[in-house]
Amino acid sequence: MKKILMQTFFNRPTLVVARGLLGKYLVRRIPARGGQPARTLALMLTEVEAYDGPHDLASHASRGRKTPRNVHMFGNAGRFYVYFTYGMHWLVNVVTGPKDYPAAVLLRAGAYQDLKTKQITPVTGPARLTKFMHIDKAQNGKLATRATGLWFEDRGIQIPARAVSTGKRVGVDYAGPVWASKRYNFKI
DNA sequence: ACAAGGATACCT
DNA sequence: GGTATCCTTGTC
């Protein structure tokens with residue numbers, strides 16, 4: 001059972017979407033090039049983080065929509081917000097909630113299963129995730145659909161509540177005590 | 001423990 | 001114009 005997640009999934013409160021993404025699959029279709037055949041990668045998400053609204057001081061949207069980088073956070077749900085940081089890393093978010101309400105879920109970790117060997121490889125860290133899935137600025141602002149080559153699927157896996165832990169978001173001490181202490185990080 | 005690396009934000 | 005910072009990782 002594979003069901004592509006549509007905009008209705010993402011157009012909900014950011015925390016609900018974040019929790020709901022655990023156990024869902026991020027799927028990447030990599031087109032053939034340079035003699036290499038096309039291939040499809042599927043990564044089950046195991047850690048995500050919510051950035052919720054214009055007042056969230058940990059969010060790129062907290063300083064308003066005056067800069068070109070964060071415009072997609074204000075867009076409609078189900079689009080990717082991909083940005084470059086630390087001089088070398090791409091990080092990917094999926095935009096949530098209604099248009100003009102800046103919110104997104106950062107994808108931080110997943111698990112990959114090799115179809116032949118059945119071997120499961122953890123992919124931990126948001127920049128390792130984008131590197132593994134071949135995500136960069138080309139996907140920024142694109143809708144999460146098959147046409148984009150990057151989308152989400154529900155493959156029928158349910159993550160029970162007892163398997164989910166929440167915690168503070170990573171690396172957001174600068175956001176002040178209120179927002180830095182929000183338990184907006186969800187992991188299996 | 002810290003360098004790498006480059007865009008961004010926020011000054012002057 | 002300058003410069004401190006950044007939702008990190010790899011290697012020390």
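Just so we're on the same page: letters track the sequence lines, and every chain starts at 1. The model shown is predicted, which means the values in this text are computed figures rather than measured ones.
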**Prompt:** Closest approach of A/Met73 and A/Ser59, non-hydrogen atoms and distance?
**Reply:** CE-OG, 3.5 Å

**Message:** Between P on C/dC7 and CG on A/Leu91, what's the gap in Å once rounded to a whole number?
**Reply:** 9 Å

**Fill in**
In this structure, CG of A/Leu143 is separated from CD of A/Gln7 (nearest 0.5 Å) by 5.5 Å

**Item:** Heavy-atom side-chain contact between A/Tyr101 and A/Asp52 under 4.5 Å
**Value:** yes

**Request:** Encode nucleotides 5-12 of chain B as B, S and - characters from 5' to 3', where the letter depends on protein heavy atoms closer than 4.0 Å: B to the base, S only to sugar-phosphate, - to neither.
**Result:** BB-SSS--

**Prompt:** Considering all heavy atoms of both residues, which atom of A/His134 and which atom of A/Leu41 are nearest to each other, and what is their separation?
**Reply:** ND1-CD1, 4.2 Å

**Message:** Given the structure, check if the side chain of A/Tyr83 and the base of C/dC7 hold any donor-acceptor pair shorter than 3.5 Å.
**Reply:** yes

**Sub-4.0 Å heavy-atom contacts from residues 45-59 of chain A onto DNA chain C, ordered by number** = A/Tyr51, A/Ala58, A/Ser59

**Request:** Could you tell me how the ring of A/His60 sits relative to the ring of A/Tyr81: parallel (under 30°), tilted (30 to 60°) or perpendicular (over 60°)?
**Result:** perpendicular

**Item:** Distance in angstrom units between A/Asp173 CG and C/dC7 C1', rounded
**Value:** 11 Å

**Asked** When the ring centroid of A/Phe132 is compared with that of A/Tyr112, is the distance short of 6.0 Å?
**Response** yes

**Nearest non-hydrogen partners of A/Leu57 and A/Tyr174, listed with the distance** = O-CE1, 3.6 Å

**Complete:** Between A/Asp56 and A/Ser62 the two heavy atoms that sit nearest each other are O-CB, 3.1 Å

**Item:** Secondary-structure string, 5' to 3', Watson-Crick or G-U under 3.5 Å, | for another-strand partners, for DNA chain B
**Value:** ||||.||||||.

**Request:** Over 60° means perpendicular and under 30° means parallel, so classify the ring planes of A/Phe152 and A/Phe10, tilted if in between.
**Result:** tilted

**Request:** List the atom of A/Gln139, the atom of A/Leu150, and the distance in Å for their closest heavy-atom pair.
**Result:** CG-CD2, 3.9 Å

